[in-house]
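Throughout, a chain's letter reflects where its sequence line sits, starting with A, and its residues are numbered from 1. Model, not experiment: these values are computed from the prediction.
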Number of protein chains: 2
Amino acid sequence: MDKSPLVLLELIERLGNLMRAEARRVGSDEQLQPVHVEALVYLSKANRYSNTPQALAEYVGITKGTASQSLLLLDRRGLIERYEDDLDRRVVRLRLSQAGEQFLYDNQPQLAWQHATRNISPNRIRNAVSALRETLSTFQADNEGSPFGSCASCQHFERLSARAYRCGLMGDRLSAPETRKICWLYELKGSAAGDDEE
Amino acid sequence: MDKSPLVLLELIERLGNLMRAEARRVGSDEQLQPVHVEALVYLSKANRYSNTPQALAEYVGITKGTASQSLLLLDRRGLIERYEDDLDRRVVRLRLSQAGEQFLYDNQPQLAWQHATRNISPNRIRNAVSALRETLSTFQADNEGSPFGSCASCQHFERLSARAYRCGLMGDRLSAPETRKICWLYELKGSAAGDDEE
DNA sequence: AGAAATGGTTTCGACTCGCTACTATACAAG
DNA sequence: CTTGTATAGTAGCGAGTCGAAACCATTTCT
């Protein structure tokens, strides 16, 4: 019997712990909790559909109530800005403020980690990435977890021309950089559409 | 330029978040926080040198003050037992109680995850494991993080005979199963011993 | 228009977590 | 044997997390 899967999980857990500890360290100057740092990082990577409290909450795995609190704090600290959605006046949209961008730029939470992979060949990294990606998507399929992916492998993604893209679900044109951001509405290509209209 | 390292980190972070969320879910029946579950899991895997509040705190990345609190709670709930060390009466040793063992057995925090790797070939998993292991050890080397490994690759490990082992640092005989547990005193084979005696 | 759903905020209570004492034991030097 | 000094752990404080439930405001369904 092979114990590798267990070892893999242990490693991921351990690395995750250390990343969390790193986030704690990075945030301690500014009196920020790990979750706050994660939230800032998320906002820097979220596309236009996904910059809401709700999406953030799902991504980092907290309830919307807690998310609301954390966002309040980040707002007080001037690291994020909130603005109303034009179409739906219930939804609040979020973006990093100048200070928020600066904070991420100064601290580069991911730099130390990127550095830690320097001895590993690009090829091995790509292999690891694909294995982890598959693990993630299997787990999500099992648990109906919210997907959170980017356009590349999304069912709703449409390529209009050489460099014109479109989200079939929302109907918007998308810029090339935007297609690489994190999206909440992501649906893995190939999964059944199910019930649309009656 | 290759973005794979960043993607790898993102995946690890995401998986780590989900594991944490899973720990939260598992613990919610018993009113346990994720950290509590992690602590129980750690104790189930720690060897005889590593079942102390101190080691636990370092492993999960909290301070000893916080660890003390959490252990108090786990003790009140009857999930762990504390006992004195014979040699050094300052140190408190920890072990899972019957109820604690049962809790882990009932909930199997890792089962869902093990399941999530079912579609990945053992070979790819092993490759991913080795890449992550290397990332971890590079990161630890950079940051002087506490090591936490098992005997297999530890500097102090000695093989007396076919199935008799010994820890050179502590001088104890070790059983075969014990050599696979997590140890706090772990030192990667090959790193300089430095200053021992004068 | 009324009912149900949805996105966010608020409040509450138990707990985390870093920090700063503080206690008790161990160990080293005089 | 006493007097440090280091080490393992605990206790208390204050800000914040977090889930749960109640609550608004707005949208959507009928």
For [N], take OP1 and OP2 only and decide whether either is under 4.0 Å from a side-chain N or O of [X].
X	N	result
Arg24(B)	dC15(C)	no
Thr66(B)	dC17(C)	no
Arg76(B)	dA14(C)	no

Could you tell me if Arg93(A) sits above the aromatic ring of Tyr49(A), with its cationic atom closer than 6.0 Å to the ring centre and no more than 45 degrees from the axis? no
Tyr83(B) ring centre to Arg95(B) NZ or CZ under 6.0 Å, with the angle to the axis within 45°? yes
Is there a side-chain contact between Thr117(A) and Trp113(A) in this structure, where contact means two heavy atoms from C-beta onward sitting under 4.5 Å apart? no
Side chains of Glu22(A) and Leu18(A): closer than 4.5 Å at any heavy-atom pair? no
Of all the choices, [options], which nucleotide is nearest to the side chain of [X] once you look at every atom?
X	options	answer
Gln54(B)	dT9(C), dG9(D), dG18(C)	dG9(D)
Ile62(B)	dC17(C), dT9(C), dT10(C)	dC17(C)
Thr63(B)	dC17(C), dG7(C), dG9(D)	dC17(C)
Val35(A)	dT10(D), dC18(D), dG16(D)	dC18(D)

Can you tell me the distance, in whole Å, between the [atom1] atom of [X] and the [atom2] atom of [N]?
X	N	atom1	atom2	answer
Tyr49(A)	dG7(C)	OH	P	16 Å
Gln69(B)	dG16(D)	CD	P	19 Å
Gln31(A)	dG16(D)	CD	P	8 Å
Leu72(A)	dT11(C)	CG	P	11 Å
Leu32(B)	dC18(D)	CG	P	16 Å
Glu58(A)	dC18(D)	CD	P	15 Å
Leu56(B)	dA8(D)	CG	P	14 Å
Lys64(B)	dA11(D)	NZ	P	13 Å

So which atom in Lys181(A) and which in Ser150(A) form the shortest heavy-atom distance, rounded to 0.1 Å? O-CB, 3.2 Å
How close do Leu94(A) and Thr52(A) get, counting heavy atoms only, and between which atoms? CD1-C, 3.8 Å
Can you spot which of Arg173(A), Lys45(A), Arg163(A), Arg48(A) makes a salt bridge (charged side-chain N to carboxylate O under 4.0 Å, His left out) with Glu178(A)? Arg48(A)
Quick one, Asn127(A) with Ser130(A), criterion side chain to side chain donor-acceptor pair (under 3.5 Å). Give me CA distance, side-chain angles, the key distance, then yes/no. CA-CA 5 Å; Asn127(A) 283 332; Ser130(A) 95; 5.2 Å; no
Ring geometry between Tyr42(B) and Phe148(B) (parallel below 30°, tilted from 30 to 60°, perpendicular above 60°): perpendicular
Ala55(B) vs Arg20(B), nearer the 5' end of DNA chain D by closest nucleotide: Ala55(B)
Set of residues satisfying salt bridge (Lys or Arg N to Asp or Glu O under 4.0 Å) with respect to Arg77(A), sequence neighbours excluded: none
Expected rows: protein N/O vs nucleotides 2-4 of chain C N/O, under 3.5 Å:
none

Near-strand residues of residues 85-93 of chain A, defined as heavy-atom separation under 4.0 angstrom from DNA chain D: Leu87(A), Asp88(A), Arg89(A), Arg90(A)
At under 4.0 Å between heavy atoms, what does Ser28(A) touch on the DNA or RNA strands: base, sugar-phosphate, or nothing? nothing
Indicate, with a heavy-atom threshold strictly under 4.0 Å, whether Arg25(B) touches base, sugar-phosphate, or nothing. nothing
